[in-house]
Amino acid sequence: MGLAQFKLFLQSGNAWLYLAGEGLLASLAGHLAYYYALKSGEASRVTPVTAAYPVVTVLLVCLLLGEKLTWSKVVGVLLIVAGVILLKK
């Protein structure tokens with residue numbers, strides 16, 4: 001077991017409650033939003049938009065975690081955005 005996993009294992013009871021609550025609420029909110037979107041639109045258009053989460057991930061890790069924005073990440077984000085735009089038309 002690595003150091004990071006060991007630290008997580010030793011967290012206090014409150015930390016475990018927060019982790020469990022966050023996981024439950026995030027999953028519930030995500031599924032509700034996804035099913036509402038499917039109910040409101042065509043699945044062939046809704047699913048690619050909801051699967052564009054790597055764009056949000058790249059933006060957040062660059063802003064919050066200070067990761068460098070590389071050309072491969074920029075190209076990947078642009079391809080995802082282009083695909084979503086093509087499906088929206």
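Quick note: numbers below take in every heavy atom, side chains included, and nothing from hydrogens, waters or symmetry partners. Counting begins at 1 with the first residue of the sequence. Just so it is clear, the model here is predicted, and its values are computed rather than measured.
- Applying the side-chain hydrogen bond (donor to acceptor under 3.5 Å, both in side chains) test to every pair with at least one member in residues 59-68, sequence neighbours left out, gives these pairs: Glu67-Lys73.
- Listed here is the closest heavy atom pair of Ser27 and His31: O-ND1, 2.8 Å.
- Among residues at least two apart or in separate chains, there is no salt bridge (charged side-chain N to carboxylate O under 4.0 Å, His left out) pair with a member in residues 18-40.
- One hydrophobic cluster, built from ILVMFWY side chains closer than 4.5 Å, holds both Val81 and Leu78.
- Hydrophobic clustering places Ile85 together with Val55 (ILVMFWY residues linked when any side-chain heavy atoms are closer than 4.5 Å, directly or through intermediates).
- The list of salt bridge (charged side-chain N to carboxylate O under 4.0 Å, His left out) pairs with a residue in residues 50-66, not counting sequence neighbours, is empty.
- The nearest pair of heavy atoms linking Leu87 to Pro48 is CD1-CG, 3.2 Å.
- In the hydrophobic clustering of this structure, Val77 does not group with Val61; members are Ile, Leu, Val, Met, Phe, Trp, Tyr whose side-chain heavy atoms approach within less than 4.5 Å, directly or through other members.
- In this structure, the side chains of Leu69 and Val58 come closer than 4.5 Å at one or more pairs of heavy atoms.
- In terms of heavy atoms, Ile80 sits closest to Pro54 at CD1-CB, 3.9 Å.
- Between Ala52 and Val84, the shortest heavy-atom contact is CB-CG2, 4.2 Å.
- Grouping the Ile, Leu, Val, Met, Phe, Trp and Tyr side chains by contacts below 4.5 angstrom, directly or via other members, places Leu32 apart from Val49.
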